Every structure is written in structure tokens, then in C-alpha cells.
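Single-structure report; data block below.
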Amino acid sequence: MKLLVTGGAGFIGSAVVRHAIGAGHAVVNLDALTYAACLDNVASVADAPGYTFVQGDIRDSALLETVFAEHTPDAVMHLAAESHVDRSIDGPGAFIDTNVVGTYTLLQAARGYWEAQGRPERFRFHHISTDEVFGSLGATGQFTEDTPYDPRSPYSASKAASDHLVRAWHHTYGLPVVLSNCSNNYGPYHFPEKLVPVVILNALAGQPIPVYGKGENVRDWLYVEDHADALLTVLQRGQVGRSYNIGGENEARNIDLIAMICALMDEMVPQGAPHDRLISFVTDRPGHDLRYAIDPSRMRDELGWRPSVTLEEGLRRTLRWYLDNRAWWQALQARDGVGERLGVKA
């Protein structure tokens with residue numbers, strides 16, 4: 001199968017590219033190479049015979065038409081998105097442009113290509129989204145695929161809008177789509193501004209580890225390579241028009257997650273121990289959702305998929321990767337906004 005992967009030089013997108021190439025698929029990686037993208041993320045497959053890279057923006061309709069015509073993909077895996085909540089608070093316009101307008105432009109291009117090809121039944125448009133579109137949970141309950149949308153940040157609102165567009169293109173035009181909403185990802189190649197790498201890199205540098213509010217916000221954590229496997233499963237076996245919630249079955253409060261990373265740091269980098277002495281509570285993010293939790297029953301019961309990596313094992317693998325790949329993250333630390341406290345302009 002030939003896949004057009006948008007955002008394939010980003011964190012999750014590059015994991016999908018690596019996994020797909022490893023599974024024997026051909027991949028056309030379309031990425032605009034904005035601040036959070038890095039071609040080093042796909043260097044391990046760059047010379048694979050089935051891999052092609054195209055630099056381009058999903059808002060460029062003429063480019064998309066050319067890409068579809070020249071590469072004739074069997075499926076689209078749409079991961080290109082602005083995704084950092086704090087950045088969306090400071091600059092929501094970029095999130096509307098990429099996540100909403102970009103998704104619309106890609107849908108139109110995919111629809112035109114699909115119709116020109118005679119509307120093949122095998123074609124799929126897989127839209128990858130987030131559990132943040134469902135809003136915030138209390139101490140109990142989980143998000144299901146039927147949970148009403150209730151986005152609380154510019155980022156989650158833009159992703160919710162893109163989800164609605166994808167469903168509309170299916171119901172109105174018949175475009176064969178599948179959707180997935182995932183919990184928080186972590187793992188190798190995670191851009192240095194996100195929580196897990198911030199904790200690791202600040203601990204390595206002996207700098208304060210910032211914890212928003214009291215650290216009581218709860219997230220379900222999904223190892224990125226598990227997620228890539230789940231996405232290929234949804235693409236190949238998911239029912240057209242249906243959505244699938246992908247979770248790691250690893251809920252943790254932020255403060256407990258940080259404590260786990262600090263304990264692993266003490267074990268693996270003992271010269272800096274105890275690393276939890278660096279924990280520093282800071283002013284909370286505006287509108288910070290309390291808890292996300294995913295009910296993964298549909299993935300398990302319909303598609304036979306479950307995550308394979310526990311949170312402790314995933315964090316251990318992630319920390320080892322950052323320790324072994326210092327040149328990768330050191331090069332990214334100079335990029336715009338990395339290392340700064342963002343999302344405080346509300």
C-alpha cells in the first residue's frame with residue numbers, strides 16, 4: 001500500500017513513517033518543515049526504496065493536486081497539525097490556519113483525486129486527532145467515541161473543527177474516512193518543548209523542572225510507537241465513517257509522572273540525584289483541563305488492538321533514547337520558543 005503521510009517529519013508522524021516503511025508500505029512524506037519538524041526523525045528510512053519526501057504545506061491546493069497526481073496514494077494519513085496548547089494560547093491564528101483551513105484544503109484535494117480515480121473503495125482518508133476535543137473530565141469517567149465535543153483551548157477547538165470537517169466530507173461527498181482520537185503521546189523524537197522531554201532535559205541540566213499549578217492534572221500516556229502501530233491498524237481494518245479512541249491505559253497525575261522520571265534519572269544518571277529537588281511549582285496554564293482518560297474498548301473489541309508498553313517501561317526507553325541522542329535535541333533547543341514559558345498571555 002502507498003501512503004501519503006502529512007506531517008511525517010513531526011513527532012507522531014515520523015513514528016508512523018518509520019513503522020509503515022518497516023511494515024513494507026511505500027510512503028510519501030509531505031511536511032512543511034515548520035519549527036517542530038525535523039528530517040532527522042526519518043533519517044533511518046530516508047534511503048528506503050519505498051520512501052519519498054516532499055516539502056510542502058497542506059494549505060497549498062496546487063501542490064496537493066500535483067502530489068496526488070504524481071504519487072497516486074492508496075490512502076492518506078493526516079497528521080500535519082499545530083499541536084502545542086501553550087503556543088495556541090499565545091497565537092491561535094496559526095492553529096486555525098493549519099488545523100482547520102489546512103484540513104479543508106487537504107480534504108478537497110483528496111476528494112478530487114478520489115473522484116478522478118473512479119471513487120475506489122480501497123481508498124482511505126485517515127484523520128488523526130486528539131482526546132482534547134472532548135473537554136475535561138472529573139475524577140471519574142472516560143471519553144468514548146460518543147462523548148460530546150467540548151474543546152477548551154484554541155488548539156483543541158481547531159482540532160474539533162477539523163474532525164467535524166472530515167465527518168462532513170464523508171457524509172456529504174462519500175469520501176471514505178476513518179478517524180482516531182489519541183491520548184498524550186511520549187517517546188523518542190518528542191520535541192523538546194513538551195512535558196516529558198522538558199522534565200528530562202531540565203533534570204539533565206540541573207535546572208528547575210516546572211510543574212503547572214499543583215501538578216494534579218491527569219493524562220493518559222501512550223507510547224508513540226504503540227500509537228503508530230494502532231494508527232496503521234485503524235487505517236487497514238477500521239470501518240469507514242467510524243472513529244476510534246486510542247489510549248495507553250496509563251493514567252497518571254503530572255506530578256506523579258514527573259516523580260517517575262526523576263526516579264529513573266536517579267537510577268540512570270546518579271550524579272545528579274536526587275532529581276526531584278529540582279521540581280518547581282509555577283502558575284498554571286489558563287483554562288488547564290483537569291483530566292483526560294480514554295475508554296479503549298472499541299480498539300480492543302473491534303480491532304483487537306491494545307498498547308504493549310507500560311508507562312514505566314516507556315519512560316525508561318524514552319530516557320535512554322534522550323541520553324543516547326544528545327545531538328538531536330541539542331540542535332532543536334535553539335528553535336523559536338523552546339525553553340521559554342509559553343501560554344501565559346491569556
Side-chain angles (χ1 to χ4, degrees), residues 1-58 67 71 73 75-84 87 98-99 102 106 126-130 159 180 182-197 200-201 221-235 246 248 307-309 314 317-322 324-333 335 338:
M1 182 164 51
K2 181 182 285 188
L3 310 177
L4 172 59
V5 178
T6 70
F11 171 46
I12 301 174
S14 65
V16 169
V17 169
R18 296 190 303 270
H19 187 76
I21 290 291
H25 300 295
V27 173
V28 179
N29 178 1
L30 175 66
D31 198 295
L33 296 183
T34 56
Y35 81 96
C38 180
L39 285 177
D40 288 343
N41 297 3
V42 290
S44 63
V45 299
D47 295 326
Y51 176 79
T52 303
F53 174 71
V54 178
Q55 184 172 353
D57 195 312
I58 58 170
V67 169
H71 296 284
V76 176
M77 299 189 74
H78 177 34
L79 296 108
E82 293 285 348
S83 66
H84 190 37
R87 286 182 184 262
T98 297
N99 299 353
L106 182 64
H126 183 183
H127 177 64
I128 290 85
S129 190
T130 172
K159 289 299 289 185
S180 57
C182 69
S183 56
N184 280 39
N185 280 223
Y186 70 101
Y189 300 100
H190 205 177
F191 194 70
E193 68 184 1
K194 298 298 182 76
L195 176 60
V196 170
I200 292 171
L201 300 184
W221 292 92
L222 174 63
Y223 191 60
V224 70
E225 293 178 7
D226 266 348
H227 189 200
D229 179 63
L231 292 177
L232 267 294
T233 300
V234 170
L235 178 71
I246 304 172
S308 65
V309 180
R317 293 185 194 180
T318 302
L319 176 53
R320 172 48 56 196
W321 188 89
Y322 276 87
D324 292 343
N325 291 274
R326 294 172 185 256
W328 179 87
W329 52 262
Q330 286 172 345
L332 297 181
Q333 286 184 315
R335 294 192 179 183
V338 178

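Side chains included, hydrogens not; waters and symmetry mates left out as well; all remaining heavy atoms used. Quick caveat: nothing in here was measured; it's all calculated off a predicted structure.
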Is it true that a side-chain atom of [X] and a backbone atom of [Y] form a donor plus acceptor pair closer than 3.5 Å?
| X | Y | answer |
| --- | --- | --- |
| Lys159 | Asn99 | no |
| Asn29 | Gly7 | no |
| Trp328 | Asp40 | no |
| Arg317 | Val309 | no |
| Thr98 | Ala81 | no |

**OP:** Identify, with sequence neighbours excluded, every residue that meets salt bridge (charged side-chain N to carboxylate O under 4.0 Å, His left out) alongside Arg326.
**Re:** none

Pairwise distance [atom1]([X]) to [atom2]([Y]) - rounded to 0.5 angstrom:
| X | Y | atom1 | atom2 | answer |
| --- | --- | --- | --- | --- |
| Thr34 | Asp57 | OG1 | CG | 8.5 Å |
| Leu332 | Phe191 | CG | CZ | 5.5 Å |
| Asp226 | Tyr186 | CG | OH | 8.0 Å |
| Ile12 | Glu225 | CD1 | CD | 12.5 Å |
| Ser14 | Asn41 | OG | CG | 4.0 Å |
| Leu195 | Asn184 | CG | CG | 8.5 Å |

When you compare the side chains of [X] and [Y], does any donor N or O come within less than 3.5 Å of an acceptor on the partner?
| X | Y | value |
| --- | --- | --- |
| His126 | Ser180 | yes |
| Arg87 | Tyr35 | yes |
| Trp221 | Asn185 | no |

Under a 4.5 Å cut-off applied to non-hydrogen side-chain atoms, are [X] and [Y] in contact?
| X | Y | result |
| --- | --- | --- |
| Tyr223 | Pro307 | no |
| Val27 | Val45 | no |
| Ile246 | Val234 | yes |

Subject >> Over 12 foreign heavy atoms within 6.0 Å of CG, Asp324 >> reply: yes

**OP:** Could you walk me through whether Leu4 and Val67 pass side chain to side chain contact (heavy atoms under 4.5 Å, CB included), step by step?
**Re:** CA-CA 9 Å; Leu4 172 59; Val67 169; 4.0 Å; yes

Original post:
Is the distance between the ring centroids of Trp321 and Tyr189 less than 6.0 Å?
Top reply: yes

Original post:
Can you name the nearest heavy-atom pair linking Leu3 to Ala20, along with the distance?
Top reply: CD1-CB, 3.8 Å

Original post:
Which pair of heavy atoms, one from Ala228 and one from Ala15, lies closest together, and at what distance?
Top reply: CB-O, 3.6 Å

Original post:
Going by the angle between their ring planes, with limits at 30° and 60°, are His78 and His127 parallel, tilted or perpendicular?
Top reply: tilted

**OP:** Could you go through the side chain to side chain contact (heavy atoms under 4.5 Å, CB included) check for Gln55 and Asp31 one step at a time?
**Re:** CA-CA 5 Å; Gln55 184 172 353; Asp31 198 295; over 6 Å; no

**OP:** Show the numbers, then the answer: is there a side chain to side chain contact (heavy atoms under 4.5 Å, CB included) between Val224 and His190?
**Re:** CA-CA 9 Å; Val224 70; His190 205 177; over 6 Å; no

**OP:** Any chance you could lay out the side chain to side chain contact (heavy atoms under 4.5 Å, CB included) test for Val16 and His227, step after step, and finish with the verdict?
**Re:** CA-CA 8 Å; Val16 169; His227 189 200; over 6 Å; no

